[in-house]
2 protein chains.
Amino acid sequence: MPKTEVFNKEIVLNQASHVFHTKGYNAASMQDLVDATGLNRSSIYNSFGNKHNLFLECLKVYQNKYQRSISNLLLKANCPLKAIESIFELYLEEIVKDNDNKGCLITNCKSEMANQDSTINNFLINNQESTLALFEDLVNQGQENSSINRNRTPKDYALYLFTAIQGFRMTGILIDNKQQLQSLINTTLQNLK
Amino acid sequence: MPKTEVFNKEIVLNQASHVFHTKGYNAASMQDLVDATGLNRSSIYNSFGNKHNLFLECLKVYQNKYQRSISNLLLKANCPLKAIESIFELYLEEIVKDNDNKGCLITNCKSEMANQDSTINNFLINNQESTLALFEDLVNQGQENSSINRNRTPKDYALYLFTAIQGFRMTGILIDNKQQLQSLINTTLQNLK
DNA sequence: TTAATTTTGGAACGTTCATTTCAAATAAAT
DNA sequence: ATTTATTTGAAATGAACGTTCCAAAATTAA
């Protein structure tokens with residue numbers, strides 16, 4: 001009996017994400033989101049509750065997109081170190097592709113909103129934990145097959161890589177030269193070899 | 001003849017910086033700044049023009065503070081590698097000291113505002129260039145006195161260190177455990193040895 | 001003390017903000 | 001075709017935004 005939702009939620013979230021990614025959470029206005037999605041204000045509020053919740057859903061979509069990409073990389077990779085390398089290269093491609101140099105939505109969110117809102121903070125901590133766990137696992141495997149040295153524990157290297165990724169995303173905001181960034185990755189990863 | 005300015009501009013800028021640092025540029029309201037400084041709205045506009053310009057002055061004060069600290073470190077340091085180490089340790093102390101875990105004002109600004117406003121962008125690029133130049137110089141000296149390896153050029157290592165610092169500041173927003181962060185610094189710098 | 005100049009206080013400016021409201025349009029199921 | 005539930009459009013809400021304004025207070029030099 002009801003009129004069903006006509007718009008594609010995923011498309012709308014991608015459009016909204018683009019606004020948040022470009023402007024940041026606070027500078028993105030509801031009008032910007034209405035314009036970008038083509039939806040009516042009411043429809044946005046009907047479907048997503050409020051701006052804050054819409055942003056949270058955008059974060060999740062963004063996170064899932066990368067988790068899927070990384071899962072695919074891991075399937076293809078024949079060696080843990082190569083897997084780590086290809087994760088960095090994934091971000092490298094992202095930086096080079098993005099003409100606006102927006103950086104990482106999640107890193108930007110962390111910088112703008114961490115330790116202010118508990119919902120956001122939970123998301124960020126969750127994201128951090130799972131990234132650290134992924135790296136720890138990969139480093140562990142790498143040390144077992146001797147592609148990664150044993151100078152540091154997997155936990156230590158995981159934090160090192162997590163930090164390097166964040167730094168990489170920050171650097172990519174003002175430097176998008178592929179050669180320079182590729183060299184930066186090499187420098188970062190030579191530490192593990 | 002004129003009534004002279006009664007307030008201390010430096011104190012006011014530090015108070016304003018604290019607001020911007022805690023909330024970010026966009027989430028910091030003029031009312032927040034009025035409350036934090038104890039100044040009247042008019043006085044703020046008289047002395048600093050507008051919010052944007054006040055923020056820019058805060059950025060400069062923040063930058064100068066670190067430049068002074070680093071200059072002092074360089075004078076004391078007896079070895080380029082140790083100097084680099086003490087720069088990282090300066091930020092470590094900053095992170096541990098800061099109970100709000102606000103991160104770096106400049107890094108946060110980059111994440112929030114880069115590639116949107118040309119004045120801000122110029123500041124950020126300038127800050128980047130001078131940081132890169134400092135590191136390049138130190139690495140160069142380190143390679144000459146053999147405390148730093150020659151696996152990479154000074155320019156490469158400078159970008160590596162600049163990126164590491166940004167990542168370090170980002171990581172410090174959600175992790176403020178001194179041991180963990182100290183270990184992270186060691187991991188980061190072992191790459192140069 | 002008077003004159004000159006600036007800082008203040010506080011209200012007011014017009015705009016934009018996120019959010020709400022509600023009647024009209026819509027579309028599926030009966 | 002009618003019922004039922006939802007989405008839509010567009011206006012309205014009230015609060016908050018950055019900024020301006022101006023008379024009153026304050027301070028120093030003459």
Side-chain angles (χ1 to χ4, degrees), chain A residues 1-59 105 108-109 112-113 116-120 123, chain B residues 1-59 105 108-109 112-113 116-120 123:
Chain A
M1 356 169 158
K3 178 181 179 185
T4 50
E5 218 174 57
V6 296
F7 58 85
N8 183 323
K9 206 162 185 170
E10 200 185 316
I11 294 178
V12 167
L13 282 174
N14 279 325
Q15 291 165 326
S17 288
H18 187 262
V19 173
F20 284 127
H21 204 163
T22 307
K23 299 202 158 194
Y25 177 76
N26 284 298
S29 73
M30 225 43 196
Q31 189 57 52
D32 292 331
L33 295 163
V34 167
D35 293 344
T37 59
L39 286 189
N40 188 270
R41 285 176 125 68
S42 316
S43 306
I44 297 182
Y45 278 93
N46 266 331
S47 308
F48 303 102
N50 53 35
K51 183 187 174 185
H52 188 271
N53 196 70
L54 172 58
F55 180 60
L56 214 61
E57 294 217 34
C58 287
L59 283 177
L105 181 63
N108 290 351
C109 167
E112 187 178 7
M113 308 173 81
Q116 295 187 240
D117 174 289
S118 69
T119 321
I120 296 285
F123 174 88
Chain B
M1 1 169 158
K3 178 182 179 186
T4 50
E5 215 174 57
V6 296
F7 58 87
N8 182 325
K9 205 159 185 171
E10 198 184 319
I11 295 179
V12 167
L13 282 174
N14 279 326
Q15 291 165 325
S17 289
H18 188 263
V19 174
F20 284 128
H21 204 164
T22 306
K23 298 202 159 195
Y25 177 76
N26 284 296
S29 73
M30 224 47 198
Q31 189 57 52
D32 292 331
L33 295 162
V34 167
D35 293 344
T37 59
L39 286 189
N40 188 270
R41 284 175 124 66
S42 316
S43 306
I44 297 182
Y45 279 93
N46 265 331
S47 308
F48 303 102
N50 53 34
K51 183 187 174 187
H52 189 270
N53 196 70
L54 172 57
F55 180 60
L56 214 61
E57 294 217 32
C58 287
L59 283 176
L105 181 62
N108 291 351
C109 166
E112 188 179 5
M113 309 174 80
Q116 295 186 240
D117 174 289
S118 70
T119 321
I120 296 284
F123 174 87

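Within every chain, numbering begins at 1; the chains are lettered A, B, ... in the order of the sequence lines, protein sequences first and strands thereafter.
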Next on the checklist: Test: ring-ring contact (aromatic ring centres under 6.0 Å, His included). Region: residues 26-53 of chain A. Which pairs qualify, not counting sequence neighbours?
Outcome noted: none
Item to check | d(CG, B/N46; P, C/dT8) in whole Å | outcome: 8 Å
Check the interface with nucleotides 21-23 of chain D: list each N/O to N/O pair with the protein under 3.5 Å, or write none.
residue : atom : partner : partner atom : Å
D/dC21  : N4   : B/S42   : OG           : 3.1

Checklist entry - Please give, in whole Å, the distance from D/dA16 P to A/K51 NZ? => result 15 Å
Item to check | Set of residues satisfying side chain to side chain donor-acceptor pair (under 3.5 Å) with respect to A/T22, sequence neighbours excluded | outcome: none
Checklist entry - Over how many whole Å does the gap from B/F48 atom CZ to D/dT20 atom P extend? => result 16 Å
Checklist outcome for this item: All heavy atoms of A/A27 vs all of B/N26, minimum pair found to be CB-ND2, 3.8 Å
Next on the checklist: For the CZ atom of A/F123 and the CG atom of A/D117, what is their distance to the nearest 0.5 Å?
Outcome noted: 12.5 Å
Checklist outcome for this item: Closest heavy-atom pair, A/I44 versus A/L54, reported as atoms and distance to 0.1 Å, is CG2-CD2, 4.1 Å
Next on the checklist: With side chain to side chain donor-acceptor pair (under 3.5 Å) as the criterion, how do B/S29 and B/D32 come out once you've worked through the C-alpha distance, each side chain's angles and the decisive distance to 0.1 Å?
Outcome noted: CA-CA 5 Å; B/S29 73; B/D32 292 331; 3.2 Å; yes
Checklist outcome for this item: To the nearest angstrom, the NE2-C1' distance between A/H52 and C/dC17 comes to 16 Å
Checklist entry - At their closest point, which heavy atom of B/K23 faces which heavy atom of A/Q116, and how far apart are they? => result O-OE1, 4.0 Å
Item to check | Distance in angstrom units between A/N50 CG and C/dC17 C1', rounded | outcome: 14 Å
Item to check | Contact residues, residues 16-31 of chain A to DNA chain C [heavy atom, < 4.0 Å] | outcome: A/A28, A/S29, A/M30
Checklist entry - Who passes side chain to side chain donor-acceptor pair (under 3.5 Å) against A/Q31, sequence neighbours left out? => result A/D35, A/R41
Next on the checklist: With a cut-off of less than 4.0 Å, is there a side-chain N or O of A/S43 near OP1 or OP2 of D/dT8?
Outcome noted: yes
Checklist entry - Between B/Y45 (OH) and C/dG10 (P), how many Å, whole number? => result 18 Å
Side-chain donor/acceptor pairs under 3.5 Å, residues 12-21 of chain B, sequence neighbours excluded:
residue : atom : partner : partner atom : Å
B/N14   : ND2  : B/E10   : O            : 3.4
B/S17   : OG   : B/L13   : O            : 2.8
B/H21   : NE2  : B/G103  : O            : 2.6
B/H21   : NE2  : B/L105  : N            : 3.4

Checklist entry - B/L39 has an atom CG; how far is it from atom P of C/dT6, in whole Å? => result 18 Å
